[in-house]
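Here is the structure we will look at.
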Amino acid sequence: MKTKNKTGLRLCAVLSGMIFLAGCSDWLDPKPLSIYTPETAFIDPRGLEAAITACDNHVRNEFFGDPAPLLTQYILSDLTAEGMNDNPGTCQNLDLTMTPSSAIEGGNQVAINWYWRDGYAGIKYANIVIARIHNTPFEKEEEKNAILGAAYFHRSYIYYWLTQLFGDCPFVGREVNTPKVDFYSTERDVILRKIKKDMEFAARWCKDDVQRGWVTQGACYHLLTKINLALGEFDDAIASASAVIDGGVYHLMRTPFGEIPKEQGSYLTGLGVVRDDVIARLHWPANRALAENKEVLYLVISNEDLTDSRKTSQTMRATLPFWSKTGANMVRTPDGKQGMTDSPKQEIDLVETFGRGIGRTPPTDYHAKEIWDDPKDLRHKKYNWMSMEDLVYNNKKSAGEYYGKPLQKYDAEGRALTADTICNWYGWPHYKLYSLDPKTSQPRGGACNYYVFRLAETYLLRAEAYVWKGDVAHALADINEVRTRAGCDPYRDPGKITIASVLDERARELYYEEPRCTELHRVSLLFARTGKPYKGKTYSMSDYGNNNFYYDWLMEKNNFYGKNIRSNNGQIYKISPYHAMWCVPQVGINANVDGRINQNYGYDGYEKNVPPLTAIEKEDDN
């Protein structure tokens with residue numbers, strides 16, 4: 001299989017052809033953008049292989065940008081809430097800001113429109129490959145099936161989170177190259193059964209000995225495990241997860257490997273800090289794609305030397321506290337002076353070492369405190385996990401006698417030294433969120449390789465399947481595989497292992513890596529599907545919009561919502577039970593003039609729903 005740098009010209013041709021075929025989101029008749037057309041781009045296996053690379057690049061878009069859509073998965077979860085609270089349009093009160101017609105597009109809002117619109121754009125790209133592969137000559141059938149399996153992976157990857165976030169939605173299983181405005185929603189389970197079938201094919205034909213950034217067999221089994229869980233087919237989930245865990249190709253990295261992390265700035269090294277433990281090394285961007293890293297199942301590629309496809313992560317900008325804010329909400333010294341600066345080239349170079357954040361993901365008490373039950377946990381180790389008290393006042397011009405001394409949250413009388421403790425003052429997992437950003441004077445998070453699927457999650461998916469089956473002894477063993485690698489003592493009592501235990505371990509291990517809201521929705525739907533109780537309470541699909549695990553879990557674990565905290569913009573943090581499903585963007589419904597895309601309960605337009613489709617029409621891959 002050729003590497004990306006050898007397929008660059010072909011990829012450009014394929015991208016032009018795909019744009020030509022995909023058309024515009026408003027269904028305008030598209031025009032060719034170059035001399036490259038689908039007929040010239042998809043003439044041989046290499047063209048289709050490059051088309052899969054284009055699909056891989058589309059996956060990357062969820063994890064990169066200002067802000068990355070992945071941020072939404074955390075703002076609407078148990079682990080954080082929207083911290084940017086000096087803007088009246090940000091998302092604190094979801095009843096006001098999360099509506100079908102609101103500007104839910106990213107920026108200062110959440111990226112619900114992105115997940116819908118770009119989800120279907122990615123499906124279009126995969127469908128082009130699926131449709132045209134049958135007219136492309138291959139020397140070997142297994143090569144054709146591997147590319148087809150990769151295309152199935154990309155379509156299934158998107159439909160997995162569409163069905164968990166939005167529920168019933170249109171299934172598009174064929175290439176659409178003319179305007180089409182008569183889509184109908186299809187039942188969630190019908191789509192899940194279709195993508196399960198596709199992923200069984202993909203897991204059979206995709207290989208593990210491929211270049212980094214390409215779909216692997218391990219990634220196919222991992223996605224199949226998520227689909228099996230979503231369907232409540234727990235034995236199948238255990239089998240597909242075990243194919244990865246016990247397959248002999250992958251293993252958890254238990255000893256340090258690769259480069260020792262070293263930030264652009266010298267603040268930590270000046271303190272004598274060397275972050276050389278296995279967790280810090282595993283998540284150092286330069287080590288993620290190394291051949292010796294046997295934990296990675298699937299990642300997306302973005303390197304500083306990729307001039308045509310470089311895309312920056314912006315992780316530090318989106319997630320770090322706004323410790324350098326100026327004005328009324330600045331972090332002050334105990335005598336009331338401006339103690340902090342994010343200007344580069346300071347004697348104490350905090351911004352070079354940690355990056356410049358804008359405070360969008362203040363952790364909940366659950367995330368920052370409650371889940372950390374072992375002081376030896378490397379994922380919460382000092383300087384892997386930073387606290388504000390680990391920083392010092394660095395504004396030499398105004399900090400006075402406090403210059404170089406650790407930050408204080410309160411003065412001697414117990415008064416807060418910042419007026420915005422939501423946005424400006426919280427801890428963060430530095431080992432997860434830092435990435436070198438050499439082209440920006442105030443680093444925000446540069447181009448880097450990013451994990452999509454990792455073996456640690458496969459263990460936790462299998463542990464979850466065991467819990468649903470009542471096999472807590474095996475669930476305990478799988479959770480302990482992940483815990484002990486992080487330096488924790490193993491759990492001893494199987495009787496204490498619950499779904500909450502799995503969610504806790506996922507929060508420790510997979511922060512800003514898993515699509516947290518998607519996974520919470522899946523677990524919530526499973527409680528309704530199975531009727532199994534949570535703390536004595538049961539749920540059902542018949543009243544899901546009013547009574548569901550997602551809402552109860554957030555009210556229990558997210559203190560912003562659970563305690564009605566008021567933000568600086570005047571909004572009270574508020575979430576409702578119907579937010580357990582996202583609203584379908586109104587722009588998508590309005591454009592579909594000859595069909596009906598259903599809206600979810602609780603949102604405007606729900607009353608216009610019609611029965612969803614219960615079967616999938618003929619597809620190009622049949």
Side-chain angles (χ1 to χ4, degrees), residues 78-79 218 221-222 224-226 228-248 250-255 277-279 282 294-295 297 366-367 369-381 453-511 513-514 516 519-520 522-524 526-527 529-538 549 553 556-557:
D78 51 344
L79 302 186
Y221 275 121
H222 184 95
L224 179 58
T225 301
K226 292 192 174 195
N228 284 329
L229 279 170
L231 285 166
E233 297 177 353
F234 305 125
D235 287 330
D236 287 356
I238 291 166
S240 53
S242 297
V244 186
I245 294 168
D246 304 328
Y250 303 99
H251 60 77
L252 295 180
M253 302 302 291
R254 295 189 175 276
T255 57
D277 60 83
V278 64
I279 291 296
L282 177 68
K294 300 302 183 183
E295 188 164 333
L297 308 179
Y366 167 70
H367 183 212
K369 303 173 186 176
E370 295 168 11
I371 60 173
W372 304 107
D373 56 5
D374 192 319
K376 300 184 297 300
D377 197 325
L378 295 173
R379 299 164 298 189
H380 206 238
K381 173 186 174 183
F453 290 158
R454 195 162 50 84
L455 186 64
E457 186 187 16
T458 320
Y459 274 102
L460 297 178
L461 290 171
R462 190 170 72 173
E464 183 189 335
Y466 281 130
V467 173
W468 287 116
K469 281 178 58 65
D471 186 351
V472 290
H474 278 99
L476 174 74
D478 279 346
I479 292 173
N480 280 338
E481 288 289 334
V482 177
R483 283 182 59 78
T484 56
R485 189 274 296 278
C488 301
D489 291 334
Y491 288 139
R492 304 292 184 186
D493 185 356
K496 293 183 178 180
I497 299 300
T498 65
I499 292 297
S501 307
V502 178
L503 291 175
D504 292 351
E505 197 61 37
R506 291 183 70 93
R508 298 182 193 103
E509 180 69 22
L510 300 169
Y511 178 73
E513 187 177 345
E514 65 166 329
R516 183 70 178 186
E519 298 305 298
L520 288 178
R522 177 181 57 72
V523 171
S524 182
L526 271 173
F527 272 110
R529 177 191 287 274
T530 63
K532 291 182 180 294
Y534 174 70
K535 293 188 173 180
K537 183 177 181 180
T538 58
F549 169 81
W553 179 259
E556 176 186 342
K557 302 299 184 182

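It should be emphasised that the depicted structure is a prediction, and the values quoted were computed from it without experimental measurement.
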Restricting to non-hydrogen atoms, name the atom on [X] and the atom on [Y] that form the minimum distance, rounded to 0.1 Å.
X    : Y    : result
L229 : A237 : CG-CB, 3.9 Å
S242 : I238 : OG-O, 2.7 Å
N480 : T484 : O-OG1, 2.7 Å
H222 : L297 : ND1-CD1, 3.5 Å
S240 : Y221 : O-CB, 3.5 Å
A475 : V467 : CB-CG2, 3.5 Å

[X] side, atom [atom1]; [Y] side, atom [atom2] - distance, nearest 0.5 Å:
X    : Y    : atom1 : atom2 : answer
E464 : I479 : CD    : CD1   : 10.0 Å
R516 : Y511 : CZ    : OH    : 11.0 Å
D471 : R462 : CG    : CZ    : 10.5 Å
Y366 : L79  : OH    : CG    : 6.5 Å
E481 : L476 : CD    : CG    : 10.5 Å
F549 : L503 : CZ    : CG    : 5.5 Å

Quick one: does any side-chain atom of [X] pair with a main-chain N or O of [Y] as donor and acceptor, under 3.5 Å?
X    : Y    : answer
T225 : T458 : no
W468 : A463 : no
D236 : N228 : no

Check whether any side-chain heavy atom of [X] lies under 4.5 Å from a side-chain heavy atom of [Y], and answer yes or no.
X    : Y    : value
V523 : W553 : no
R485 : L378 : no
Y466 : V502 : no

Fill in: Full working for side chain to side chain contact (heavy atoms under 4.5 Å, CB included) between V472 and K496
CA-CA 8 Å; V472 290; K496 293 183 178 180; over 6 Å; no
Discussion item. Within the 3.5 Å criterion, strictly below it, is a donor on E556 or Y534 matched to an acceptor on the partner's side chain?
Written reply: yes
Salt-bridge contact [X]-[Y] (side-chain N to carboxylate O under 4.0 Å):
X    : Y    : answer
D504 : K557 : no
R508 : D374 : no
R522 : E519 : yes
K226 : E514 : no
D78  : R506 : no
E457 : R454 : no

Worksheet entry | Residue that, paired with R483, satisfies salt bridge (Lys or Arg N to Asp or Glu O under 4.0 Å) out of D489, D377, D373 | D373
Worksheet item: Of all residues at least two apart in sequence or in a different chain, which pass the salt bridge (charged side-chain N to carboxylate O under 4.0 Å, His left out) check with E370?
Response: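 Checked E370 against salt bridge (charged side-chain N to carboxylate O under 4.0 Å, His left out); zero matches.
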Fill in: Check against side chain to side chain contact (heavy atoms under 4.5 Å, CB included), L460 and D478
CA-CA 7 Å; L460 297 178; D478 279 346; over 6 Å; no
